[in-house]
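For reference, the structure is listed below as structure tokens.
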Amino acid sequence: MTEPLLSVHDLSMVYLRRAGLFGRRAQPIRALNGVNFTVGAGETLGIVGESGCGKSTLARCLLRLLRPSGGGIQFDGEDLLALKNEDMRMMRQRMQMVLQNPFSSLNPRLNGFELVAEPLRTHTMMSRKEMVDRVVTLLAEVGLSAEFMSRHPHQLSGGQAQRIALARALALNPDFIVLDEPTSALDVSVQAQIINLLLGLQRQRGLTYLFITHDLSVVQHISDRIAVMYLGKIVEETSSEAIFANPQHPYTQALLSSTPVPDPAAKRQRIILPGSVPSATNPPAGCAFHTRCPQVMDICRMRYPASRLVARNHRVSCHLYEESA
């Protein structure tokens, strides 16, 4: 078995929020709490969960835009957390990111050429002519003509702006791209175009994706495997087919029950979860989901369940499966 391109072990991230008189008391906010997963070369791992579960914090920790509080990140055999700043700067040529809202990630003062050429200017010694040729090629790859080099972000539609952001991410020929909800700010028809574009680029370039979203219909279409997050932890991880055909964790089952079914004749029983996601400042003891779980047991309130293999390549963190395991 080949080594994974990305391996994350027991990753944690704790923010300190100042509270009390004059902000003298620090309140820890545990955004990530022991996250483990791997991503193979050429694979797409989808990360899903409600807002506030730690998805975007995870994305920023993987690229070391944030320094994690603990754990380890291995990328192609390199310990990312041990790299010095200059070495990490070189490594980022192989690791890129596309954000949710292209209009907030693109500098409004720069035109299309300047936006896409920015990483080339920073990391290479290309001449002006070489950069122009490279930008034209990159724009063509994402479905835009050379005339977009002169356009500024305010002259672009949402889909066009996201294509510019994607062209910029491809400029240095990365191996791995973090896609942090790249379609959620787009119309449904444009979402489909961007997803198909990402799939085509992955086939052509052999790219590896970490696809972060709360849209289950989108993640099903693009992902090979899916990891479900709840309050800073991964509660279930398996193949895309298995998680939609046979979800095991009660939280995953509730998420899937809320997904619209395209067939009007199909019936799906909606699982309504009481309350809301607990605060990361004061998480409940035991399993964090026990305050909303329809199948809660006494042990759920006392300790967090270990991650268990319930089927081939299907891991679940839930006390329901401890006896059978």
Side-chain angles (χ1 to χ4, degrees), residues 1-14 30-49 53-98 169 172-180 198 202 205-213 219 222-243 249 252 304-317:
M1 183 177 178
T2 59
E3 289 294 317
L5 180 66
L6 178 73
S7 180
V8 176
H9 174 68
D10 204 24
L11 194 68
S12 63
M13 182 66 198
V14 180
R30 192 170 291 278
L32 299 176
N33 188 8
V35 174
N36 297 276
F37 64 85
T38 61
V39 189
E43 184 183 34
T44 299
L45 175 66
I47 304 286
V48 300
C53 71
K55 303 187 300 294
S56 293
T57 296
L58 173 63
R60 285 156 176 77
C61 285
L62 294 181
L63 274 66
R64 231 180 75 177
L65 301 175
L66 293 174
R67 169 70 72 166
S69 305
I73 305 171
Q74 296 276 335
F75 180 78
D76 200 15
E78 291 276 359
D79 184 354
L80 294 188
L81 302 184
L83 293 180
K84 297 180 180 178
N85 289 339
E86 183 59 30
D87 294 330
M88 189 63 213
R89 180 175 176 272
M90 298 300 294
M91 181 63 78
R92 286 203 182 100
Q93 296 182 46
R94 301 181 60 192
M95 309 174 71
Q96 293 292 311
M97 188 172 185
V98 176
L172 298 172
N173 295 316
D175 302 302
F176 175 67
I177 300 181
V178 175
L179 301 160
D180 190 1
L198 290 169
Q202 186 175 41
R205 288 173 166 256
L207 293 168
T208 303
Y209 292 147
L210 186 81
F211 192 92
I212 295 172
T213 185
V219 79
I222 195 172
S223 300
D224 300 300
R225 289 186 299 122
I226 294 175
V228 181
M229 286 189 71
Y230 187 83
L231 206 65
K233 284 181 174 287
I234 291 178
V235 298
E236 184 166 3
E237 180 191 349
T238 185
S239 67
S240 178
E241 294 82 2
I243 213 159
H249 197 281
T252 309
Y304 193 84
S307 177
R308 297 180 181 275
L309 202 63
V310 297
R312 185 181 179 184
N313 299 322
H314 193 155
R315 303 195 72 88
V316 180
S317 295

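We're numbering straight along the sequence, starting at 1.
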query: Is it the case that Thr208 and Glu43 place a side-chain donor and acceptor less than 3.5 Å from each other?
result: no
message: A side-chain contact here means heavy atoms from C-beta on lying under 4.5 Å apart; do Met91 and Leu83 qualify?
response: yes
query: About how many Å separate CG of Leu11 and CG of Leu62, when rounded to the nearest 0.5 Å?
result: 7.0 Å
- request: Taking the side chain as every heavy atom from C-beta outward, state whether Pro68 and Leu81 have any pair of such atoms under 4.5 Å apart.
  value: yes
field: Asn36-Arg315 side chain donor-acceptor pair, cut-off 3.5 Å
entry: no
- request: Answer yes or no: is there a side-chain heavy-atom contact under 4.5 Å between Leu210 and Leu179?
  value: no
message: Quick one, Ser317 and Lys233 - any side-chain contact, counting heavy atoms below 4.5 Å?
response: no
query: For atom CZ of Arg312, is the number of surrounding heavy atoms from other residues, nucleotides or ligands below 6.0 Å larger than 12?
result: no
field: Non-hydrogen side-chain atoms of Arg92 and Leu80 separated by less than 4.5 Å
entry: no
- prompt: Hey, are the side chains of Tyr209 and Val39 touching, using non-hydrogen atoms and a 4.5 Å cut-off?
  reply: no
message: Whether the Thr44 and Gln202 side chains hold a donor-acceptor pair (N or O, under 3.5 Å, no angle test) is what I'd like checked.
response: yes
query: Going from CE on Met88 to CD on Glu78, what distance comes out if it is rounded to the nearest 0.5 angstrom?
result: 10.0 Å
- prompt: Are Asn173 and Arg205 linked by a side-chain donor-acceptor pair shorter than 3.5 Å?
  reply: yes
task: State, yes or no, whether a side-chain contact exists between Leu32 and Met229 at a heavy-atom distance under 4.5 Å.
output: yes
message: Could you tell me if Glu237 and His314 have a donor-acceptor pair between their side chains, going purely by distance under 3.5 Å?
response: no
- prompt: Between Ser56 and Asp180, is any side-chain donor less than 3.5 angstrom from a side-chain acceptor?
  reply: yes
query: Rounded to the nearest 0.5 Å, what separation is found between the CD atom of Glu236 and the OG1 atom of Thr252?
result: 4.0 Å
query: Closest approach of Arg94 and Asp76, non-hydrogen atoms and distance?
result: NH2-OD2, 2.8 Å
